[in-house]
2 protein chains.
Amino acid sequence: MSDDLDAVFSALADPTRRAILTMLLEDDMAVTDVAEPFEMSLAAISKHLTILTRAGLISQEKRGRVKWCKLEPDALRAASVWMQGFGQFEPVNLDAFERFLDAELGESEDSSP
Amino acid sequence: MSDDLDAVFSALADPTRRAILTMLLEDDMAVTDVAEPFEMSLAAISKHLTILTRAGLISQEKRGRVKWCKLEPDALRAASVWMQGFGQFEPVNLDAFERFLDAELGESEDSSP
DNA sequence: GGCATATTCAACCATTCGGTTGACGATTTT
DNA sequence: AAAATCGTCAACCGAATGGTTGAATATGCC
């Protein structure tokens, strides 16, 4: 039970993996396409995807020779609930999220892809 | 900016540190008292507290020879906002949180006071 | 069949992590 | 002043993490 939180939080602790999740917000992607923007080997990305899968944050389905990666946002629920307990945050401020997302996307434009 | 998220999420990835945060929900505590329920050295707990402090999740203030640890829930806000973007969670389900908290407290009762 | 593409496996490497122990500095108590 | 308490520091250890490379395994295409 607390192992789930271990897996989710440590999966989220890596900026490459958070970037991958952000990419998957747009659409499902094949492993090769996920890897394309990053300056690291395909094998490294494959490992990151395995970690995200084990944490339940994404699922992977092989169709033909390509493996599709799909965001599984439900896995965040337990972690989110855990965090909500520490202080009463304003309920789901999506404006703030969008600003944050813009910032993070803009930021990754000089380093990652 | 994304370093903040690194620090917060990796701080939360350790069950000992999450347990410490949960203890601090009740009240501010001295380092020795934080360490008491755990089956590990004071030095180890001191390191965990340093990590939580660097992540901004707690603050530490030395008064006399005792160092007080205080929860700083605001540090969770950025991480919480980031997570909220992945799927629309119901706004702050405190019932679910309380159930979760009970479960987590019950689980650590073998080593807790 | 034979070749290209998609993905993982296996072995390796450097670094970080979570823990230990013992010495140490600072403060309070007697 | 001496002794006890609070907490950190430093050095060390084994295991996990994040990356590399090269070979291996599927699958699709000509």
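Order of the sequence lines sets the chain letters (A, B, ...), proteins ahead of strands, with each chain counted from 1.
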Undergrad: Below 4.0 angstrom from OP1 or OP2 of dG7(D), is there any side-chain N or O of Ser46(B)?
TA: no

Undergrad: Using 0.5 Å steps for rounding, measure from the CD atom of Glu36(B) to the CE atom of Met23(B).
TA: 8.0 Å

Undergrad: Within the side chain of Arg17(A), is there an N or O that forms a donor-acceptor pair under 3.5 Å with the backbone of Leu12(A)?
TA: no

Undergrad: Looking only at heavy atoms, what is the nearest atom pair of Ile58(A) and Gln60(A), with distance?
TA: CD1-CG, 4.2 Å

Undergrad: Applying side chain to side chain contact (heavy atoms under 4.5 Å, CB included), run through Trp68(A) and Asp33(A) and close with a yes or a no.
TA: CA-CA 10 Å; Trp68(A) 292 91; Asp33(A) 295 332; 5.5 Å; no

Undergrad: Taking donor-acceptor contacts at under 3.5 Å, does the side chain of Lys62(B) reach the base of dG7(D)?
TA: no

Undergrad: Starting at NZ of Lys47(A) and ending at C1' of dT21(D), how long is that distance when rounded to a whole Å?
TA: 11 Å

Undergrad: Verify the contact: side-chain N or O of Arg17(A) to OP1 or OP2 of dG18(D), cut-off strictly under 4.0 Å; return yes or no.
TA: yes

Undergrad: In sequence, state the C-alpha distance, the side-chain angles, and the governing distance for Asp6(B) and Arg18(A), and then conclude on side chain to side chain contact (heavy atoms under 4.5 Å, CB included).
TA: CA-CA 10 Å; Asp6(B) 283 22; Arg18(A) 289 199 307 276; 2.7 Å; yes

Undergrad: Is a side-chain N or O of Ser46(B) found less than 3.5 angstrom from the main chain of Leu42(B), in a donor-acceptor match?
TA: no

Undergrad: Rounding to a whole Å, what distance do you find between Asp14(B):CG and dC17(C):P?
TA: 11 Å

Undergrad: Go through dT20(D), dG18(D), dG18(C) for me and flag the one nearest to the Ile51(B) side chain.
TA: dG18(C)

Undergrad: Leu21(A) and Met40(A): same hydrophobic cluster, using ILVMFWY side-chain contacts below 4.5 Å?
TA: yes

Undergrad: Take atom CD1 of Ile45(B) and atom C1' of dT21(C), then tell me their distance rounded to the nearest Å.
TA: 16 Å

Undergrad: Looking at Ser41(B), does any N or O in its side chain come under 4.0 Å of the phosphate oxygens OP1/OP2 on dT20(C)?
TA: yes

Undergrad: Walk me through whether Leu76(B) and Leu57(B) qualify under side chain to side chain contact (heavy atoms under 4.5 Å, CB included).
TA: CA-CA 7 Å; Leu76(B) 285 175; Leu57(B) 291 165; 3.6 Å; yes

Undergrad: Toward the 5' end of DNA chain D, which comes first, Ala44(A) or Gly64(A), by nearest nucleotide?
TA: Ala44(A)

Undergrad: Can you tell me which nucleotide in dT20(C), dA4(C), dA4(D) comes closest to the side chain of Arg65(A)?
TA: dA4(C)

Undergrad: Distance check needed: dT8(C) P versus Leu49(A) CG, whole Å only.
TA: 7 Å

Undergrad: Between His48(A) and dT17(D), is there a contact of a side-chain N or O with OP1 or OP2 at under 4.0 Å?
TA: no

Undergrad: Which nucleotide in the set dT29(C), dT8(D), dG19(C) lies at the smallest distance from any side-chain heavy atom of Lys67(B)?
TA: dT8(D)

Undergrad: What's the CZ-C1' distance between Arg18(B) and dG18(C), to the nearest Å?
TA: 15 Å

Undergrad: Select one nucleotide: of dG18(D), dT21(C), dG18(C), the one nearest the side-chain heavy atoms of Ala43(B).
TA: dT21(C)

Undergrad: Angle between the end axes of the helix from dG1(C)-dC30(D) to dT30(C)-dA1(D), five pairs per end, to the nearest 10 degrees?
TA: 20°

Undergrad: What is the separation between atom CZ on Phe9(A) and atom P on dC17(C), rounded to the nearest whole Å?
TA: 18 Å

Undergrad: Nearest-Å distance, CD (Glu39(B)) to C1' (dT20(C))?
TA: 15 Å

Undergrad: Starting from P on dG19(D), measure out to CG on Leu42(A) and report it in whole angstrom.
TA: 13 Å

